[in-house]
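Counting convention: from 1, in listed order, for ligands and their atoms alike.
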Amino acid sequence: MEKKGNELTYPGNIILIGFMGSGKTTVGIRLSYRVRKVVEDTDKLIEKAEGRTISQIFAADGEEAFRRKETEMLKELAARKAQRIYSVGGGTPVREENRPLLKKLGTVIYLRAKAETIYDRLKTDTTRPLLQVEDPKGRIEQLLAQRGAAYEETADHIIDVDQKSCEEIVEEILSVLKIK
Ligand code: S3P
């Protein structure tokens, strides 16, 4: 913990990982006010760099091409001096090569959500290409089972988010980071 004027902040980057719909983006925004760090989302950075949405990248180039862009983005972030909060795409920690990159980039917080929570939040979403299938609930369960170990292995801290408000989750993050 560092003191900057009267404000409390945290040294280094804070990385939010977790499944689609686990709340990385909203939690990242709320956390950014509390720790006074700019928040950025790697999906948004990729979309901006490409001038296309994630869905367009998946449709035109395929998932593997998108995964390569994610890894490139992590390498770019590692070269930056600014200390930020980064929320990263739900699949990022799954690629083995990305796990040490994420860990090196900063303190990794895993927002862990159950399949039911995710399904409830994303059942009408059309922006996640991996969930545009006949049985999105089954797909979420399958992907969560495949990915859980990778998320846990990458995380410095795990926060269970089911049935918690964004504010409660942020308070827990501040507490595990010993910011308060
Ligand atoms: C993905 C998660 C998405 C996005 C892409 C693939 C995944 O990000 O990167 O659709 O594999 O879980 P969010 O976790 O921000 O939805």
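- When each atom of ligand 1 is checked for a heavy atom of Gly89 under 4.0 Å away, the hits are 8 (O), 9 (O), 14 (O).
- Side chain of Glu168 to backbone of Ser165: a donor-acceptor contact under 3.5 angstrom is found.
- Of the heavy atoms in Leu130, only side-chain atoms (C-beta onward) come closer than 4.0 Å to ligand 1.
- Look at Glu40 and Lys44 and you find no salt bridge, because none of the NZ, NE, NH1 or NH2 atoms lies under 4.0 Å from a carboxylate O.
- Nearest protein heavy-atom neighbour of atom 16 (O) of ligand 1: Arg128 NE, 2.7 Å.
- Remark: side-chain polar atoms of Glu47 are not paired, donor with acceptor, to backbone N or O of Arg52 under 3.5 angstrom.
- Closest protein heavy atom to atom 7 (C) of ligand 1: Gly91 N, 3.3 Å.
- Per-residue contacts place Pro129 under 4.0 angstrom from the following atoms of ligand 1 (heavy atoms of the residue considered): 10 (O).
- Remark: minimum distance from atom 14 (O) of ligand 1 to any protein heavy atom is reached at Lys24 NZ, 2.4 Å.
- Between Thr127, Ile54, Thr42, it is Ile54 that holds the heavy atom closest to atom 5 (C) of ligand 1.
- Ranking the protein heavy atoms by distance from atom 15 (O) of ligand 1 puts Asp43 OD2, 3.1 Å first.
- Of the N or O atoms in Phe58, none lie within a sub-3.5 Å distance of an N or O in ligand 1.
- With a heavy-atom cut-off of 4.0 Å, Arg67 touches ligand 1 through its side chain alone.
- What you find for Ser22 and Leu111 is that their closest heavy atoms are CB-O, 3.5 Å.
- Contacts with ligand 1 closer than 4.0 Å are made by side-chain heavy atoms of Arg147 only, the backbone lying farther away.
- Scanning for salt bridge (charged side-chain N to carboxylate O under 4.0 Å, His left out) contacts around Glu76 gives an empty result, with sequence neighbours left out.
- Side chain to side chain, Asp156 and Thr107 fail the donor-acceptor criterion of an N or O pair below 3.5 Å.
- Below 4.0 Å from some heavy atom of Phe66 lie the following atoms of ligand 1, by number and element: 9 (O).
- Legend: ring-ring contact (aromatic ring centres under 6.0 Å, His included) pairs involving residues 118-171, not counting sequence neighbours, sorted by first then second residue: Tyr110-Tyr151.
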Discussion item. For Asp41 and Ser87: C-alpha separation, side-chain torsions, deciding distance, then whether side chain to side chain donor-acceptor pair (under 3.5 Å) applies.
Written reply: CA-CA 5 Å; Asp41 186 289; Ser87 55; 3.0 Å; yes
